[in-house]
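Atoms considered below: every heavy atom in the structure, side chains included; atoms not considered: hydrogens, waters and symmetry mates. We're numbering straight along the sequence, starting at 1.
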Amino acid sequence: MLSDLNAKGAIIRGVNFGNTQGSSVQSSMDLQIAGKVSKDVSVTASISDHNLPIQADGYTQTLDEFDKIFIRLNIKKNTIIKAGNIEPENHTGYFSKYQRRSMGLALDTKLGTENSTRLNLSAGVSRSEFHRIRFQGIEGSQGPYRLTGKNGETFITVISGSEQVFLDGVLMKRGKSQDYTINYNTGEITFTSFRPIYQQNFITVSYNYTNRNYTRYLFTGGVQRDFDKLKLGVSWFSESDNKFAPLSLDLSERDEEILAKAGSNPALMYAPSAAETNYDPNKILYRKVSHPNGDYYEFSTDSSLTLYQVAFTYFGENKGDYKIKQTTNNGQVFEYVGANNGDYSPLRKLPAPQKSQMISAHSVYEMDRGRVVTDFSLSNFDANTFSTLDNHQNIGYAGHILAEKTFSKNNWTATPKVEFRHISSRYHILDRINDVEFARNFNLSQEFNQRTQNQLVLGIDNHWAKQGNLSYQFNLLNERSSYRGVKNDFQFDWNTRRTSTTAYFSHLGTRSPLQHTRVKGGTEYRLLGAKGFWAAGGSMEYNAKHLDNLNTLETDSYSWKELFVQKKIGDSTRTKLLAKLYYRTNDSVQSRQLKKVNDILGLMAESQIIKTEKSTLNAQVHYRRFFIKDSLIKQRTEDFILGNILYSQQLFRNGMRLQAFYELGNGREILRDFQYIKVPAGQGFYKWTDYSGDGIQQIDEFEIAEYSDLAQYIRVYTNAIKYVPSNKNKLQLALFVNPAVIFNSENDFLKRWNFNLSIFSQNSYYKGKRTLVLSPFERNASQILKNQNILGSIQFSNNEKSGWNGSYQFINNNNIINANQSNEVQKMTSNTLTIGYWFSRQFRIDWENRYQNSAHFSEVFKTRDYKIRQAETKPKLIYSPTDAIQVEFSSSYKVKNRLEASDFLKAYNITGSLQWSFSRTVIRGMFSFINNDFSGNSNSIVGNVMLDGLKPGKNKVWTLYFQQPLTRLIQMNLNYEGRNSGDRTIHIGSVQVSANF
């Protein structure tokens, strides 16, 4: 039966070594298995293991192992066993809803057929932390919006695929052509132009993020028994940190003592961060300064003093004693500015180990057209297992009951319901138990504020067949001694053959230290036609909050009103036009009263302008004009626009294909600082050269490495980050042309031609007073980001009648990167013409000619500025006497001239290579001799660019590659690289064994 198993994948193990680097190990494994183990057991498995460095240009500064193991056994038809990366989740109970990720084992089995019992168990080690945040959108900003950790960590790595994003209670979809995109490495969400974001939007995001504080154990389970009309279930959940097994933490006895005295109060979980250390020029160190008002730390490079390494924590504006003074490659330098005059303090947060346990009982009794649902739950939550001070507050309980029944007469049906919920103040909610808009609907700061909460719900839903619905719901929510809210909700819709009417109304009145009155409602009337509809309507919200016995309003009170008219032309297969014109007024608190702050006139339109088998043209735009009331200026206007166009066209029997996407809008651009972190040789992207000779790593001394042994650094972002309002646009275009197909020709000469053009241009500008920037090629002083790549090519292929071939390629790259509070501009334009001739199947020549201009400009590091013009000619001969042997010989002459200085290079290159292949054995060798006749400063960044990482004078570079199968499935690869520039010879080697099956 094992012969029914299908397995495929690869296992790779390798070692890198060299005389200028230590040895390092690389390993990876990808394995997929599917099939039957026996008659009743089938298996599905996916196993991957990679120890490659974590993605660069993120916030993670360490190497980590990436592995994923998933094994699933199906036993008969009633049992499933999962092992590896499992996702324990539960959605049945009212209080026991959760979704986690762990590494462990899970069992799900069903016993019996009638009156069956279902059992599920899981046990594992969790590598992530679950968290949910809620925030308000920024007017006209698509993002990015930053996700944070449970303890306020501002830089986290989100677990891929773990997020759920809600916009005003509606679940969003991830994807560039959907609602949002997410950078898991930086924890940032950006909404696409298909989903505009406004200030009135509320965004809720739940997600798992990496947690390397403590080893966390996760145990979950549940059992459910089904009878004819009754379902009984019990579920349990336990998630606990092992305080004796910290991962990335290094807690001292003093730290543990601080946590033991902190109880459950997070404000007390901080420790002094200063640690005495030896002088190191590549570290930011401080000296302690004595002062009558208290000691403080001052940046110092004096090796004769007692120095300290200090970590600073952000506490908020004017809640600390220090501010950031400057940023270097070694990190940020902080300066003491006086008590409560800064944003940072020399303290470090001590993450406390936690324990969360829950057990819940659940029952559902089904009756004739009705049901009764009950839930009861106990929780045990310890916010700090190092301390026993507040353990009497750990245990809480909650209960819930729901009863509903449906009655009907003729074409009318009614479903009344009654629901009651009680939650004690010490109960701990695992995830959410209500819909995502619950807190907002009741004017609460969050779903549960750790106060005893009671909720009574009475409601009735009425339905008239083929005509409409009318529903009413009464909500009484009480939080002991702090809040009492009464909410009434009505919803109505009625349909006729030509019309459709919908309406809703909600009123909330509360008694608490803050008195709330919230009224919300809206209506829409549609006149239906054969090809669409007309619609008109309006909506409003009034939300007043004031202190008890006072008539003055709190600052977060607001109101708004909106009227709209809408038109749709189209049917179920195509929307020719969907347009909406609306007018909105917004009021906020000024002088303790609600006053108008702005009027908004908006237009939304989308259309499938063209939709045929060969052509599509879709457009979408949203324009908003703000008429802002200002106390200093009578009125000013501000505009926001967001839109996109998608075009696809096939012409001339598909001989010409065009795809284009253009979008523009407003958002926020990130101004980041970064630094370079050392990693094992060959696993980085950058190299460091001490051009200044002071032994201190400066940001302008790092460059992209030309050779693997020099690639010892990756670039990561620091904690310093700033968002600025921006205008954005993007253009993507691809054009493919086949002349022979266009002219429907069998001409051999015409068949040999192909033309390609691709353009990508993405730009971001400081917003200022401009509403938008239309041109994707505009360059001005307000530009923050530019990523422009243009590639055009012409190909002329050989055929059986003629051996001539050739190609022309044009490349234009123009990039602007903002980092470390400055812009860096990189430009490159290249023209390459290649002509070749096949004398026979064994022998051909190619002649490549290139003319290139490149430039680099930096606002801060002027040593990186250059303009270089390059011309190169390179003939190459290729001879293959047999299918197993190929010989290549080439020579090149290259000239580089720095235009703004006297740096000049003439380089001669002679290269020969030989490859022999027999069966599955491959041997390939290459040797190059490069003579660099260079005038200029070779020990500089510009000199390194001109010399391509080599030295003036004679240089030799060689490689040897050997590939040998050891068995039918196992293969060995040997790779050797060497180079010599007149001084020391560099040797780099690697051995890799791979098994493919």
TODO: Output all residues satisfying side-chain contact (heavy atoms from CB on, under 4.5 Å) with Ser981, sequence neighbours left out; order by chain, then residue number.
DONE: Leu950, Lys951, Asn955, Asp983

- [ ] Please list, chain by chain and in numerical order, all residues satisfying side-chain contact (heavy atoms from CB on, under 4.5 Å) with Thr388, sequence neighbours excluded.
- [x] Asn391

Measure from the side-chain N and O atoms of [X] to the backbone N and O of [Y], and report whether any donor-acceptor pair falls under 3.5 Å.
| X | Y | value |
| --- | --- | --- |
| Asn183 | Thr186 | yes |
| Ser102 | Ser126 | no |
| Tyr209 | Lys150 | yes |
| Ser162 | Ile159 | yes |
| Asp321 | Asn340 | yes |
| Ser726 | Ser764 | no |
| Asp241 | Gln354 | yes |
| Ser940 | Asn937 | yes |
| Lys862 | Ser858 | yes |
| Arg426 | His392 | yes |

Open item on the list: Glu298 vs Lys288, test: salt bridge (charged side-chain N to carboxylate O under 4.0 Å, His left out). Steps then yes/no.
Closed with: CA-CA 6 Å; Glu298 182 179 79; Lys288 183 184 287 187; over 6 Å; no

TODO: Quickly, which of Tyr296, Phe299, Tyr344 forms a ring-ring contact (aromatic ring centres under 6.0 Å, His included) with Tyr336? Name it, please.
DONE: Tyr296

For the residue pair [X] and [Y], what are the closest heavy atoms and their distance?
| X | Y | value |
| --- | --- | --- |
| Glu188 | Pro144 | CB-CB, 3.9 Å |
| Ile284 | Gln332 | CD1-O, 3.4 Å |
| Tyr214 | Pro353 | OH-CD, 3.3 Å |
| Asn823 | Ile784 | OD1-O, 3.8 Å |
| Tyr180 | Val165 | CZ-CG2, 3.6 Å |
| Tyr145 | Ser141 | OH-O, 2.7 Å |

Task: Ionic contact status for Asp431 with Arg100, cut-off 4.0 Å - done: yes

Would you say that [X] contacts [Y] through its side chain, given a criterion of any heavy-atom pair below 4.5 Å between the two side chains?
| X | Y | value |
| --- | --- | --- |
| Tyr322 | Ser345 | no |
| Thr863 | Asp865 | no |
| Gln446 | Arg134 | no |
| Asn278 | Asp280 | no |

Task: Test log, rule salt bridge (charged side-chain N to carboxylate O under 4.0 Å, His left out), inputs Asp343 and Lys323 - done: CA-CA 6 Å; Asp343 309 329; Lys323 283 191 174 183; 5.0 Å; no

Open item on the list: Is the distance between the ring centroids of Tyr713 and Phe702 under 6.0 Å?
Closed with: yes

TODO: List for me each residue that meets ring pair (Phe, Tyr, Trp, His ring centres under 6.0 Å) alongside Tyr297, sequence neighbours excluded, and say none if there are none.
DONE: Tyr308

Open item on the list: Run the side chain to side chain donor-acceptor pair (under 3.5 Å) test against His856 and tell me which residues pass, sequence neighbours left out.
Closed with: Glu824

Open item on the list: Please enumerate all residues that pass side chain to side chain donor-acceptor pair (under 3.5 Å) together with Thr985, with sequence neighbours excluded.
Closed with: Asn980

Can you find a side-chain donor-acceptor pair between [X] and [Y] that sits under 3.5 Å?
| X | Y | result |
| --- | --- | --- |
| Lys786 | Asn763 | yes |
| Asp302 | Ser300 | no |
| Glu239 | Tyr98 | no |

TODO: To the nearest 0.5 Å, tell me how far Tyr184 OH sits from Thr210 OG1.
DONE: 13.5 Å

Open item on the list: One pair to check against salt bridge (charged side-chain N to carboxylate O under 4.0 Å, His left out): Lys243 and Glu256. What are the steps and the verdict?
Closed with: CA-CA 10 Å; Lys243 64 183 179 182; Glu256 294 181 2; over 6 Å; no

TODO: Walk me through it: do Gln136 and Ile203 pass the test side-chain contact (heavy atoms from CB on, under 4.5 Å)?
DONE: CA-CA 6 Å; Gln136 193 170 357; Ile203 302 159; over 6 Å; no

Check: residues 258-275 side-chain donor-acceptor pairs under 3.5 Å, at least two apart:
{"unit_1": "Lys261", "atom_1": "NZ", "unit_2": "Glu257", "atom_2": "OE2", "d": "3.2"}
{"unit_1": "Asn265", "atom_1": "OD1", "unit_2": "Ala267", "atom_2": "N", "d": "3.1"}
{"unit_1": "Ser273", "atom_1": "OG", "unit_2": "Ala311", "atom_2": "N", "d": "3.1"}
{"unit_1": "Ser273", "atom_1": "OG", "unit_2": "Ala311", "atom_2": "O", "d": "2.5"}
{"unit_1": "Ser273", "atom_1": "OG", "unit_2": "Pro346", "atom_2": "O", "d": "3.2"}

- [ ] Check the surroundings of atom NZ in Lys827: do more than 12 heavy atoms from other residues, nucleotides or ligands lie under 6.0 Å from it?
- [x] no

TODO: Could you walk me through whether Tyr207 and Phe130 pass the side-chain contact (heavy atoms from CB on, under 4.5 Å) test, one step at a time?
DONE: CA-CA 6 Å; Tyr207 49 93; Phe130 175 82; over 6 Å; no

